[in-house]
Structures are given as structure tokens and as C-alpha cells.
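Side-chain atoms are counted along with the backbone in the values below, which use heavy atoms only and exclude waters and symmetry mates. These numbers come from a predicted model, not from an experiment.
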Amino acid sequence: MWNDLVELLFQAYEQFSLLPLFIEIALAFIIIAIAATIIAYGAIMYKRYKSYVHEKRVAFINPIIEDLITEQVLLNDSLGRDIPTEEIEFNPEAITNKVYKKPFVRQILIDTLIQYRKNFRGEVGDLLRKLYLDMGLDKDSFAKMKSVRWEKKIKAVVELTQMDITISDVTILPLTNSTNASLRAAARNAYIQLSKNEPFKFFDIATEPLLPWDQLEMFKIITTTKDIAIPNFSRWVSYSSNKSVVSFCLKLIAHYDQQSAVPAVMELLNNKDHYFRADAISCLGKLSAEASEEKMVKIYNHQPLNCQLEILKAMGNIASGKYLEFLKSEFLFSSNFDIRMNAARAIIKHNTQNSRLLVEELMEMTYEENQLIIKHCLNPLIKY
Amino acid sequence: MSNILVIEDDDIMLKAIRNILRKDGHEVITAKDGKEAFEKLDNEQYDIVMTDLMMPYANGLEVVSRIRSNSEKRNVGIIVCSSVGNEETITEAFRLGADDYLKKPIMAGELMIRIRKLLANRSGNVKLVTKKK
Amino acid sequence: MGVTFVEIASGFFETSVFIYGVSLLLIYALLAIMSFLNIALFLRKESYTDYKVIVGSPLAPGISVIAPAFNEGLTIISNVRSLLTFDYPNYEVIIINDGSTDDTLEKVINEFSLVKVDFAYDIKLSAKPVRGVYKSRDEAYAKLIVVDKENGKAKADATNVGINVSNFPYFLCTDVDCILHEQTLGMLIRPMLEEENMRVIATGATLRMANSCEVDEGVLIAIKAPRPLLARFQELEYIRSFVMGKMGWSYINAVPNVSGGLGMFDKEIAVKAGGYDPASFGEDMELRMRMSRYVYDNKIKASVRYIPTTLCWTEGPTSVKIFMRQRTRWARGLLQLMLAHKKMLFNPAYGRVGLIVFPYNFFFELLAPVVEFLGIIYYLFLIYFGLVNWPYAIILLIFVYTYSVMISSLSVLWDQLTFQYYKTWKDVIRVIAMVFVEMIIYHPLIVVFSLRGYWFQLTNRKHSWGNMQRAGFKKKSDDKSKKPQPAVSPS
């Protein structure tokens, strides 16, 4: 019986080896394709089954977690009575329920607590953090940090940052130089939020670009972390050779209205990179830096279009009234539509007796398209 | 007792706010999107409407505008509560007639105080109106 | 010398077809691997990403959403409403009324209390004249701009007007009747903001059929696989084309096309490249090519990226007639484009676009229907003369069939790994069933319609086409070129 089978296979092989090469290849691929197809459907079934089980579990556990947070945190009777959060105790029975020992439940717990923290700060936020600590969930996050997978590490860093848990410098600093850009960004954010002494240290050393997406997250961390010591960002504007760090600092300078940074930012008006100059001009406008107006008008004629437009916008923000004549001539004589539009807008933004008279005067003396520009800018329904 | 409509598309936040406000002694009705909000606004009178900005069907600004353009509902206190924090959106909300703007994450204590204040102002206004009559 | 000319010719033909076929199969295998890697990378990033960060950020870049509408009176209100509810802090919605002959404009004016305003804008891209620009008196709709223009007989013309009027550095091109995910803007802008040393000039995401989905006032309630047979085939085709095709190409920065149904673009580059071409039958791919040309000519390092998440649901044609019109048009567009930009073929000055995107599309998209057609003729010829080795022929046929089934099955798997859009097994099976019959029913249609398109283009059938297109344009679910770019069609 066994021999028969071997014999049969042998014969089949002999037959097979006699076939032309392309038919052999085709036959081999048919088998591979059928196998791959079967595996694909197996994988689909497995994947769907797994998420089905997960969904069931989540549906079961979510109400329990919600009740826990509602009773222990949101409706905690000690809230609103000036009791320090550290002294508020949770019901020990409620938080030691054995269902909270399962790993998947703990992960859902962490995710849910973070969801709540995104919605609540203040006392409720602190109490959520205490619940996270009292249930020992920080240990889960720290364990994830040791994972070899970078996305797990990032998740851990994000969780700890969200929960405001200090990560030792020894752990986090190496990650701020990771070759993985996403991990690097997450680690930097954590460092800014959690480092007590020098949160902006890596601004000095960062050589890789700070990508716009990372800037979004970092901006949020910087502007929402309480007790963070906001430095004078002009330091990096003057000394950093990392362009993205400088342009990020310009945004922070504008946000914190750091007037003392004006001279440092004005230095950038001489920079060779015109995108960079445009950022600096825009920053000066947001700072309403009257001192920079003269210089901007002086360099105006040698600038590429994007910088010229930024200068006009900045002059609208500064609105000192000293350069209405300049704006007027740009509006009347420029051949570029965008320049005329921004000049008109800058004049209107002054919103003074003089500027209003000028607008009336321009309205009478100019041609149809320019009149339309003025009407456009004056219309309160049009935002841009 | 006051009647509060909470409009919010994030389920967690919706339930949390409902629980907090109920504990504070308010009657709370919830809506999870713009469509439900409009239905509930038509059906009942509220003292305060608290709304998110970005939701399916209609955004929070529409809710504010709809309430303010209805003469019967002029007196409703409106609190906008959103994670959007840019100046433009906030001023837009106030111009449309919102009484207050809370940026998420919010402080529960602050929310309750603002609601009480709004309610106090409101009853003040109502009294003024009745006096005039 | 017994070798006849016919034998040489047939030998040559067989060899080239063999090489052609093998290369095609290898490319598909490569695409399957690359798309898998790309999706895995995407999912890893997604696992810790919170798009709320950009929603709450004052640094979120501005985006103009541009949606042309032609005779959409029935659904325009809910469509506009749904465009106004994106989860994004900094955007405007520009609706272009492309000379509708129904009450589209009146409806929008009444619903959103619009008034005509004196609106100044620069005509950077030439297009048909604008009759008026409308803004709302209600500040709740401050994001909305409605432009009324003369009909330009092309979506490209309307979109160009939208670009002229727009105010932000990025624009999203879509159709007013597409149903978009609320997170669309955040998810599509992200790749633009996180590439080192490269300017991402366009991004796109997966499209899917809205045919059997539950939709309420422009909001998607439940995602279902389409029921009509033709739409089911398209669903499978879109999954394969986006989730496997585009994600695979995106991995090596060689995306051939950003679909006209949903795509985000860097406005500066799009405008400098000249905007959409109203004369093109495939204006979305044409713009992508022109943008590439522009960046290479100006030495800008650029990329085009795709994400596997479905962000757009669109109504697919369910009648063979309309479907034919759509595919004929796409085929015309492809041929037209290849001829117009033939300079780029194998041109190293255009980098990957010249060396990968163009050759692939030329040989395996444009020529595929022709090769297939010739192959069938050849086989018929062999059969007629009794020259067919039937066992071999059948083995080869089974080979091609099983291979294409495998590729489609893997696409469905990749899609399921990305996100399980279908809640029930029924829906999954509805799509999977198509995998096994596609080659027999759907694929021949595509070949014939493509050849028809090439024929029309070569014989320059302009006028009859224009009329047909306009007649069809009135109907919902017509060929508005939400092209998945026919990549990875089983052949």
C-alpha cells in the first residue's frame, strides 16, 4: 500500500519532469496560488473571529469600567471639598475586582482613562491619574516600554505622558535620539512634559528636522502642560542651526507674545532662505513689532512674492499708520493681484480715521477690479 | 431645578457630563449629534444648552445660531464645549451668541460654577422682563 | 529551411506574450508584498495616533474643500451639510454650481441664507465665467462659499474655478455626492506633514461603493457591501486597486494617480502645473502627471502618498450602459494622457515617474486590453487550424485564473486587516464571491469597453462623446471619474 503510493508519486514526478518548462512553472504556481488563496481566507476567518471575540469582551467590560470611573472618580463625594487629591481614597473592593487582572481589561482601562483625561483636567483629571496609579496600571505601561516593537514603545510613552508619570531621564533620553522618527517625536514630547529641570534641552542638540506633524503635538504639550517654565525662545532663533527648530520657535514666540524676541527675529530678515524669512515676517506681524516696519519696507522690493505678501499681512497686523502711503502705492500700482488684495486688506485692518478716508479715496480713484477688491475686503461675510 | 440639554458626539464625554450635572441637581437631556439636538430643541424648553462643535449632521455653531434666531429661545444659556481652541472659532461662537466657551479638557468644578452663574443671570433677566411688563 | 514566416511570427508573438505575462504576474506579486508592508507600517502608526491633536491645534494648516455640483437638487442640502461637519479646525467648503439646469442653486441659497457678494479673486487657472459668488448671512455657515458658474461640460473646469476662489495652501478635490468620513481632512493632511526632505504634493485614500450603504442626510449609518452585481464587482475592483495597487505603489513613491473622487493636493504646485485640464478625459491622472513634470523640471523632491483607510463612499454605476460610458471614458483618458506625455516614457529626467509609473501604465494598463484581445484572436486562429495543445492550454488557463483569484483574495485580506468595514459575514461573502467569477463576467466587459475607448479616441469621436457625457452627467451615479485607476486588473 505504502509502496504503491510512492510508486504513484514517482510516476507523477517522472511525468512532470517531461513537461515543458513553462508548463512546469505554471503547475507549480497553480499549487502556490491555491495554497495562498486558502491561507488568505483562513486568515480572514481568523481575523474576523478574533475581532468578534474582542468586540464581545469589550461590550462586556466597557459598562463595568464606565461604572468604576463614574462611581470612583466623577461622582466621588470628596470632590469639590478642597481635599487634596492624594488623600482621596477609592473603594478598595471596587478597584481590586479580579476582572481587572486580565491583561486585555487593563489595556482597555488605560485607554478609557486616557479618553477621560482628554476631556477632564483639574481635580477630576488628577483623580483619574490617581486611579491609574492605585490600580498599578503604570507598571503595565512601563512593561510596554521594554517591548522591541517601536509602536508599543510609543504607545507606552504616550500613555505615561498622558497620565503625567515621570519617566527617568535614563530611559527617555536615549529614545529622543532614536533612529525611528515617530519614536523620537514621542520621546521628545514626553521629555518636555515630564522633565523638571530642562524641558527644552534637546532644542540645543536636535539635528534631525522637527516635522510639522510632530510640531503639532509638541505645541499642544508645551501650551497645555501646567507648571512648565516657558523659556525665551529667541535663544534658539539666534543660535540654533536646525531650521525646523527655529521655525517652530517662531510659532511659539508668536503664541506667547514674547516681545523681547523681536530683535532676534528681525535678524532672520537677512536669512538666505526665503521660506524662512516669510516665517520670520509673519511672526513679527503677530507680535505687532512696530520696530520692524521700517526694515520690512526697506527690503520689500528685493523680496520674492511670498515674502512680499507676508510683509503686507504683517503691516496690517502692526497697523502703525506710518506706512499707509506705501500700502496705497502697492495697492494702486502693483500688477500682482495677491499684492493688491493684501495691501487693501492691510489698509482696512488699520481701522483708523485716516485709513477709512484712504479707503474712500481709493474707491473713487481706482478702476473696477480694484474696487471689487476693496468691497471684498470690507465685506464682513467674507473671512479671507 | 433646571433643564439642561447636552449635545456631544463623544459617548464617554456625554455620559460623564450627564452624570456630573445630574449629581449637581440638574435635569439633563442628551443628544449625540446635530440631528438629535434639533429634534430635542424643538420638543422641549431648556434653561441651558451645552454643545460640542464638531458633530455629525450639524455643527455646534448651527445649534447656537438656530437657538439665537428663535425668539422664544432667546433666553436660553448656551455653553460651547469643544477641543477646538483657535481664536477664530471661539470668537465666532461668541458672536453667534454663545454665553461661554469651555475648551476641552475641562474642569468639572468650573463647569458647574459657570452653569450656576448662567442660571443666576438668566433668572435675573427673566425677572427684569416681568418687571417691565 | 522549413521555417515559414508564420512560424517565426507566431514564435515571436508567443515569446513576447510569455515575457509580458510573466512580468505582469511578478509585478502583482511585488505589489502584494509592498502593499502589505505599507499597510503594516500604517497600522503601526495608527495604533498610537490621536487625530484630536490636530483638531485642537492652532497650527493645523488650512484646507479648501472643493466640490462641484451639477443638477444635484435632490440631495444637495444634505451633501453640503455633511461637508460642513468635518472634524477639522481650519477649512472652507467651496461648492461650485456648474451651471445646473435644476434648482440646485436656489435650494442652497434658501437653506443656508446665502447672499451674492462682491468677491474678488485672481483667475490663476482659466475656466468658464463665474456668474456669482455667494456667502451666508448666518455666521454658523461662515466656512461655506458657493460659486455659480456657466457649465463647462467638465468637472475639471468647475474644480479650476474652485481652486481660483480658494484661500488655503491645500485643497481637497471631491464630488458633492461623495460621502466622506468625518476624519478625512486630518487623515489626508497627515502624510503631507510628516515626510522628511520631501514635499508631499498629493495624498489620497481608498474609495468604496455607497450603493447599499445606509445613508441618512449625507451621513453614513452602516457600511454594507453593495447588492447589485455590477457594483459588487466594482467594490472588489476598488479594493484591489486602492488597498493593493495604490498602497503598493505608494510604498516606493510611484503612485500613478490620485482619484478624482477624493484627493488632497498642494495648491501651489497644482496651480503652477496649470490646474486641471478640461479637455482631458482623465483629468485626475493628467493633473498628477503634470504636477510630477513640474516638480521634476524644477528639481523639487516630491512624493504622492496613499493611505489604506476608506474615507470616501461613492455611488457606482449599476447599469451596464452607464458603466460602459464610464469605462470607455477612462480608457480614452488613459490613451490621451499617454500620448500627451509620451516624452516622459523611460525618461530618467522624470525619475520614478518616468521609469516606473509611466512604463507600467503604458505596458500593463494601456496595452493590457490590446494584448489580451490579440491573444484571444490568436487562440481562435490556433483552434481553427487545430493547432492547440489542449492539456497545456487548459493548464495555462487554470494558472491565470488561480493567480488572479489569489491576488484578489489577498486584496480582500489586506482590506480586512486595515479595517473591518463589513459588520457581517454576509457582506464579506458577497464580495468574496465576486473573486471567483470576476474573470468570466466582469473582466471581459472591461476589456471590450477599454478597446472601445481607444477606438473612439483614435478616431477622434469628439462630438458624439461630448453629448453623451452631458446627458449622463445629469444622472446620479454616472462617470464622474472617481477612477480607482484600473491598476491590478486581473488579466
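Between C377(A) and M341(A), the closest side-chain pair of non-hydrogen atoms falls below 4.5 Å.
Classification of K40(B) and E44(B) as a salt-bridged pair fails, no side-chain N sitting under 4.0 Å from a carboxylate O. Taking a cutoff of 4.0 Å between a charged side-chain nitrogen and a carboxylate oxygen, K32(B) and D52(B) do not qualify as a salt bridge.
E92(B) touches chain A through its side chain: at least one heavy atom from C-beta onward sits under 4.5 Å away, while N, CA, C and O do not. Using a 4.5 Å cut-off between heavy atoms, D126(A) does not touch chain B at all.
No hydrogens or angles considered: nothing links the side chains of N317(A) and K286(A) as a donor-acceptor pair under 3.5 Å. At a cut-off of 3.5 Å, with distance as the only test, a side-chain donor of D111(A) or Q107(A) sits close to an acceptor on the other residue.
With chain A as the partner, the residue from R22(B), K15(B), M107(B) showing the most heavy-atom pairs under 4.5 Å is M107(B). Considering only heavy-atom pairs separated by less than 4.5 Å from chain B, the leading option among L75(A), V124(A), T224(A) is L75(A). Counting heavy-atom pairs under 4.5 Å between each of L111(B), I12(B), D10(B), I20(B) and chain A puts I12(B) at the top. Most heavy-atom pairs under 4.5 Å with chain B: of the set K383(A), Q115(A), R121(A), this distinction falls to R121(A).
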